[in-house]
Amino acid sequence: MNIVETPWERTYKFILFIFGIPFFLIGVIFRSSPLIINGIIWAVLGMGLLIKNIYNKRKLETLKRDGFSYEASVIKIFPAHMVKIGSYVTARVECLYKTEKGDSVVISGYHLLSPLDRREDLQAKIYIDRNDSNKYAVELFRNDTIVAL
């Protein structure tokens, strides 16, 4: 099983290294203040996405270490309309997991799903804080099935 990536893992690199730094350097070389400002704006946006990625990874690590973990099944996929990264679709998933108190449903953060992904091919693992059940993280996995065309 492969881990499904989040959009923050890919987009910060693209924005920072394709737009931010090159626009800034070209602006400095040609002494063009609009290009420098544009490069700074893209770099700040890329750094913000990098910080979001680091925050999410640390939250997941903390919940893995200190929280409860449950196996979950994916019930629904909610695509974020108009948000695509390459051929991937940004989507949230609704997951059902069983506890001692009964069944519970959570909605994950955003993940990058391929157009061929189906809910049957996805599995989730839910990590919940021991003290606050409203703090949780969803780790999404894709089965290693090969589609023959």
Side-chain angles (χ1 to χ4, degrees), residues 1-27 35-99 102-149:
M1 295 201 324
N2 299 325
I3 294 178
V4 178
E5 291 182 326
T6 60
W8 326 119
E9 293 177 69
R10 288 192 179 194
T11 53
Y12 87 85
K13 294 175 190 172
F14 182 75
I15 288 175
L16 189 61
F17 296 119
I18 300 298
F19 291 115
I21 294 172
F23 281 9
F24 180 76
L25 292 176
I26 291 170
L35 276 178
I36 293 173
I37 293 170
N38 195 359
I40 290 171
I41 290 171
W42 282 111
V44 167
L45 181 63
M47 293 300 290
L49 291 173
L50 172 62
I51 291 168
K52 172 80 170 150
N53 185 35
I54 292 170
Y55 171 77
N56 286 345
K57 282 187 178 182
R58 293 222 174 125
K59 178 182 172 185
L60 180 63
E61 289 172 4
T62 303
L63 289 174
K64 275 185 178 181
R65 186 180 59 243
D66 299 334
F68 297 116
S69 67
Y70 297 100
E71 296 291 327
S73 58
V74 176
I75 300 171
K76 292 181 185 174
I77 298 174
F78 302 108
H81 298 291
M82 306 292 289
V83 181
K84 286 186 157 192
I85 298 174
S87 64
Y88 289 94
V89 176
T90 304
R92 298 175 85 167
V93 294
E94 184 177 36
C95 302
L96 174 74
Y97 67 97
K98 298 178 188 299
T99 63
D103 295 348
S104 297
V105 176
V106 295
I107 296 178
S108 74
Y110 290 101
H111 294 279
L112 292 176
L113 300 177
S114 76
L116 302 176
D117 282 335
R118 301 175 311 165
R119 66 181 179 88
E120 295 86 19
D121 297 333
L122 300 173
Q123 294 179 357
K125 195 156 189 178
I126 313 292
Y127 300 99
I128 299 176
D129 190 0
R130 291 184 187 274
N131 301 322
D132 186 6
S133 62
N134 292 328
K135 290 184 180 178
Y136 63 89
V138 177
E139 193 171 31
L140 194 62
F141 297 96
R142 180 180 292 120
N143 289 340
D144 292 332
T145 56
I146 299 174
V147 178
L149 298 176

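Along the sequence shown, residues are numbered consecutively beginning with 1. FYI, side chains are in, hydrogens and waters are out, and symmetry mates aren't considered; it's all heavy atoms of this structure.
With hydrogens and angles ignored, the 3.5 Å screen pairs a side-chain donor or acceptor of D117 with a backbone N or O of S114. No donor-acceptor pair under 3.5 Å is formed between the side chain of R92 and the backbone N or O of G109.
Heavy atoms only, all atoms of each residue included: Y97 and A72 are closest at CB-CB, 3.9 Å. Here the closest heavy-atom approach between residue Y110 and residue P7 is recorded as O-CD, 3.3 Å. Contact record, I77 with A91: CG2-CB, 3.9 Å, taken as the closest heavy-atom pair. Closest heavy-atom contact between T99 and S104: OG1-OG, 4.4 Å.
Defined by atom type and a distance below 3.5 Å, a donor-acceptor pair is present between the side-chain atoms of E139 and Y127.
Contact check for E71 versus K98: no side-chain heavy atoms found under the 4.5 Å cut-off. Residues I3 and F141 form a side-chain contact, since some pair of their non-hydrogen atoms from C-beta on lies under 4.5 Å apart. Proximity of V74 to L140: side-chain heavy atoms (C-beta onward) are separated by under 4.5 Å at one or more points. A heavy-atom distance below 4.5 Å is found between the side chains of I126 and C95. Here the side chains of L122 and V4 are in contact, with some heavy-atom distance below 4.5 Å. Side chains of L112 and V89 form no contact here, defined as non-hydrogen atoms less than 4.5 Å apart. K64 has its side chain out of reach of S69: every pair of non-hydrogen atoms, C-beta onward, lies at least 4.5 Å apart. Annotation: side chain of V105 is in contact with side chain of E94 (closest heavy-atom distance under 4.5 Å).
Heavy-atom contacts from other residues, nucleotides or ligands closer than 6.0 Å to CZ of R130 number more than 12. The number of heavy atoms from other shown groups lying within 6.0 Å of OH (Y88) does not exceed 12. For CE of M1, the number of neighbouring non-hydrogen atoms (other residues, nucleotides, ligands) closer than 6.0 Å is greater than 12. Within 6.0 Å of CZ on F78 lie more than 12 heavy atoms contributed by other residues, nucleotides or ligands.
Using the six-membered ring where Trp is involved, W42 and F19 have ring planes that are parallel, under 30° apart on the 30 and 60° scheme. Ring geometry for F68 versus Y70: interplanar angle of 30 to 60°, hence tilted.
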Given the rule in the side-chain contact (heavy atoms from CB on, under 4.5 Å) test, do R119 and I75 qualify, once you have shown the distances and angles that lead to the verdict? CA-CA 7 Å; R119 66 181 179 88; I75 300 171; 5.7 Å; no
Between V138 and Y136, is a side-chain contact (heavy atoms from CB on, under 4.5 Å) present by the stated rule, with each step listed? CA-CA 7 Å; V138 177; Y136 63 89; 4.1 Å; yes
One pair to check against side-chain contact (heavy atoms from CB on, under 4.5 Å): V93 and I107. What are the steps and the verdict? CA-CA 6 Å; V93 294; I107 296 178; over 6 Å; no
Test side-chain contact (heavy atoms from CB on, under 4.5 Å) applied to L63 and I128, step by step: CA-CA 6 Å; L63 289 174; I128 299 176; over 6 Å; no
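Between I18 atom CD1 and K13 atom NZ the span is 12.0 Å, to the nearest 0.5 Å. Put simply, NZ on K59 and CD1 on I54 are 16.0 Å apart, with the number rounded to the nearest 0.5 Å. One distance of note links CG of L60 with OG1 of T6; it measures 10.0 Å at 0.5 Å rounding. In this structure, CZ in R58 is found 10.5 Å from CG in N53, a value given to the nearest 0.5 Å. Note that the CD atom of E5 and the OG1 atom of T90 stand 11.5 Å from one another [nearest 0.5 Å]. Within the model, atoms CG of N134 and CG of D129 stand 10.0 Å from one another, a figure rounded to the nearest 0.5 Å.
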